[in-house]
Amino acid sequence: MFPSIVEFKPYIVTGLALGGVYALSGVGIVVLYRATGVLNLAFGAIGAMGALISWSLVNHTSFPDWASYLVCVLFGGVVTFAYGLVFGPPLARRDPLVKAVGTLGFALILLGLMSYFWPPIGRTMLLPTSEQAYSYHLGFAGIDVTLTQIIGLAFGVVVTLLVSGFLRFTLLGTAMRALADDREITSTLGVPVRRVEAVAWLGSGLIAGAAGLLLSDLVGLDAVNLTFLIISSLAAALIARLRSLVVTLFAGLAVGLCTALLTPIIAWPSETNYQFSLSSYRGGAPFVIAIVTLLFLARRRVVSVGRTDE
């Protein structure tokens with residue numbers, strides 16, 4: 001039977017929190033793609049490995065917790081920057097597909113390293129912010145929200161706005177947008193292309209580390225799951241056609257909500273008394289949303305071109 005709205009309430013909170021992190025990851029993907037033409041499929045694996053390193057520091061060393069969490073973010077920035085420094089120049093003039101396959105190979109290497117050093121056993125990453133919960137009454141029912149969930153949503157919104165402002169109002173951001181439009185012309189105008197790309201790689205990596213840290217708390221510390229959560233972030237970026245950061249934000253929130261709201265729909269009775277679980281299909285929701293949106297946008301464009309021709 002279909003759940004009531006009261007049963008949906010915790011999943012709305014979860015969906016918004018995850019959506020904020022998906023949007024955050026999507027922004028990192030879009031910024032890097034616009035500056036370098038690279039669709040980084042290793043984004044999730046980088047965040048996952050950073051989270052596992054942070055977990056090891058918290059549980060097996062006397063390293064301060066806050067410093068361990070910072071290591072996760074810095075790991076993402078350093079590893080992504082190093083990949084861009086080594087493989088960025090030779091791949092700069094290759095097809096986008098070749099660039100994406102290169103990052104996919106990097107993701108598989110990281111996944112193999114994680115499987116070797118951190119065998120797949122039960123691990124949990126509980127950030128201190130998850131111990132702080134707040135209750136809100138919205139008329140029909142109360143909602144409990146952790147500080148981590150609030151940070152997940154707020155961080156996605158704030159980073160999207162800050163990066164949008166950076167790209168629009170700073171010289172470096174203008175150079176990044178120019179690279180996205182025409183790399184060759186931008187280079188002939190004296191823009192330090194390598195330096196601009198290095199900043200894009202570093203910034204995208206820092207976002208990957210932050211997203212991995214938040215997701216390790218929100219969805220669990222599992223290397224494979226965190227690696228393939230790139231699907232949800234990639235769907236948000238594709239809905240925005242790898243261009244608009246604001247659209248990426250709203251797309252990420254939509255993907256997070258739709259995925260979470262499918263969870264409580266455990267069974268649906270039919271005329272033959274056969275029951276099936278919609279929650280089993282929530283993993284495919286991001287790409288379904290992306291495909292439907294892209295088809296809708298393509299249809300609108302065809303209709304618009306047809307009217308112009310008339």
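- Taking both residues in full, the closest heavy atoms of Ala200 and Ala35 are given as CB-CB, 3.6 Å, listed atom of the first, atom of the second, then distance.
- Nearest heavy-atom pair, Thr227 versus Ala48, reported as atom, atom and distance to 0.1 Å: OG1-CB, 4.1 Å.
- The main-chain N or O of Arg243 is found under 3.5 Å from a side-chain atom of Arg34 such that the two form a donor-acceptor pair.
- Thr36 places no side-chain N or O within donor-acceptor distance of the main-chain N or O of Tyr33, the cut-off being under 3.5 Å.
- The CG atom of Leu24 lies 11.0 Å from the CG atom of Leu153; values are rounded to the nearest 0.5 Å.
- Transitive grouping of hydrophobic side chains (ILVMFWY, heavy atoms separated by less than 4.5 Å) keeps Leu257 and Phe250 in distinct clusters.
- Counting all heavy atoms, side chain and backbone alike, Ala208 lies closest to Ile46 at CB-CG2, 4.3 Å.
- Under the 4.5 Å side-chain contact rule for hydrophobic residues, Val31 and Leu85 do not share a cluster.
- At least one donor-acceptor pair under 3.5 Å links the side chain of Asp217 to the backbone N or O of Leu127.
- No continuous path of ILVMFWY side-chain contacts below 4.5 Å connects Phe169 to Val246, so the two sit in separate hydrophobic clusters.
- For Lys99 (side chain) and Leu39 (main-chain N/O), no donor-acceptor pair under 3.5 Å exists by modelled atom type.
- Pairing each heavy atom of Met125 with each of Trp55, the nearest pair is CE-N, 3.5 Å.
- Between the side chain of Ser115 and the backbone N or O of Leu111 there is at least one donor-acceptor pair closer than 3.5 Å.
- The shortest side-chain heavy-atom distance between Asn40 and Ile29 does not fall under the 4.5 Å cut-off.
- For residues 83-117, the ring-ring contact (aromatic ring centres under 6.0 Å, His included) pairs, not counting sequence neighbours, are Tyr83-Phe87, Tyr83-Phe106, Tyr83-Trp201.
- Note: the hydrophobic cluster containing Leu162 does not contain Ile207 (ILVMFWY, side chain heavy atoms under 4.5 Å, direct or indirect links).
- Remark: side-chain polar atoms of Asp95 are not paired, donor with acceptor, to backbone N or O of Leu97 under 3.5 angstrom.
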Residues Leu238, Leu234; criterion side-chain contact (heavy atoms from CB on, under 4.5 Å); working and verdict = CA-CA 6 Å; Leu238 290 176; Leu234 184 60; 4.2 Å; yes

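- Taking hydrophobic clusters as Ile, Leu, Val, Met, Phe, Trp and Tyr residues chained together by side-chain heavy-atom distances below 4.5 Å, Val193 does not share a cluster with Leu202.
- For the atom pair CZ of Phe155 and CG of Leu213, the computed distance is 9.5 Å after rounding to the nearest 0.5 Å.
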Sequence neighbours left out, cut at 3.5 Å: what donor-acceptor pairs do the side chains of residues 66-81 make with other protein atoms?
unit_1, atom_1, unit_2, atom_2, d
Ser68, OG, Pro64, O, 3.0
Thr80, OG1, Gly76, O, 2.7

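- Of all heavy-atom pairs spanning Ala51 and Gly212, the tightest one is CB-O, 3.8 Å.
- Contact annotation: the side chain of Val219 never approaches that of Asn225 to less than 4.5 Å [non-hydrogen atoms, C-beta and beyond].
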- Item | Residues Gln149, Thr146; criterion side-chain contact (heavy atoms from CB on, under 4.5 Å); working and verdict | CA-CA 5 Å; Gln149 292 173 325; Thr146 67; 3.2 Å; yes

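- Atom CD1 of Ile109 is separated from atom CG of Leu104 by 10.0 Å, given to the nearest 0.5 angstrom.
- Here the CG atom belonging to Leu16 is positioned 11.5 Å from the CD1 atom belonging to Ile150, to the nearest 0.5 angstrom.
- Considering only heavy atoms from C-beta on, Leu91 comes within 4.5 Å of Val98 through its side chain.
- By the 6.0 Å contact criterion, CZ on Phe166 is enclosed, its count of non-hydrogen atoms from other residues, nucleotides or ligands being greater than 12.
- Rounded to the nearest 0.5 Å, atoms CG (Leu167) and CG (Leu172) are 8.5 Å apart.
- A distance-only check finds a donor-acceptor pair linking the side chain of Thr103 to the backbone of Ala100 [under 3.5 Å].
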- Message: Test side-chain contact (heavy atoms from CB on, under 4.5 Å) on Leu218 and Thr14; report intermediate values, then the result.
- Response: CA-CA 8 Å; Leu218 294 173; Thr14 301; over 6 Å; no

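- In this structure, the side chains of Asp222 and Leu226 stay at 4.5 Å or more apart for every pair of heavy atoms.
- Taking the side chain as every heavy atom from C-beta outward, Met176 and Val199 approach each other to under 4.5 Å.
- Scanning for side chain to side chain donor-acceptor pair (under 3.5 Å) contacts around Thr148 gives Thr129, Ser130, with sequence neighbours left out.
- A donor-acceptor pair under 3.5 Å is absent between the side-chain atoms of Ser244 and the main chain of Ala240, judged by distance alone.
- Trp118 places none of its side-chain heavy atoms less than 4.5 Å from the side chain of Leu221.
- No donor-acceptor pair closer than 3.5 Å links the side chain of Thr124 to the backbone N or O of Leu126.
- Side-chain contact check for Leu215 versus Leu18: some heavy-atom pair is nearer than 4.5 Å.
- Note: Leu245 CG to Arg168 CZ = 10.0 Å, rounded to the nearest 0.5 Å.
- Using a 4.5 Å heavy-atom threshold, the side chains of Phe43 and Ser233 count as separate.
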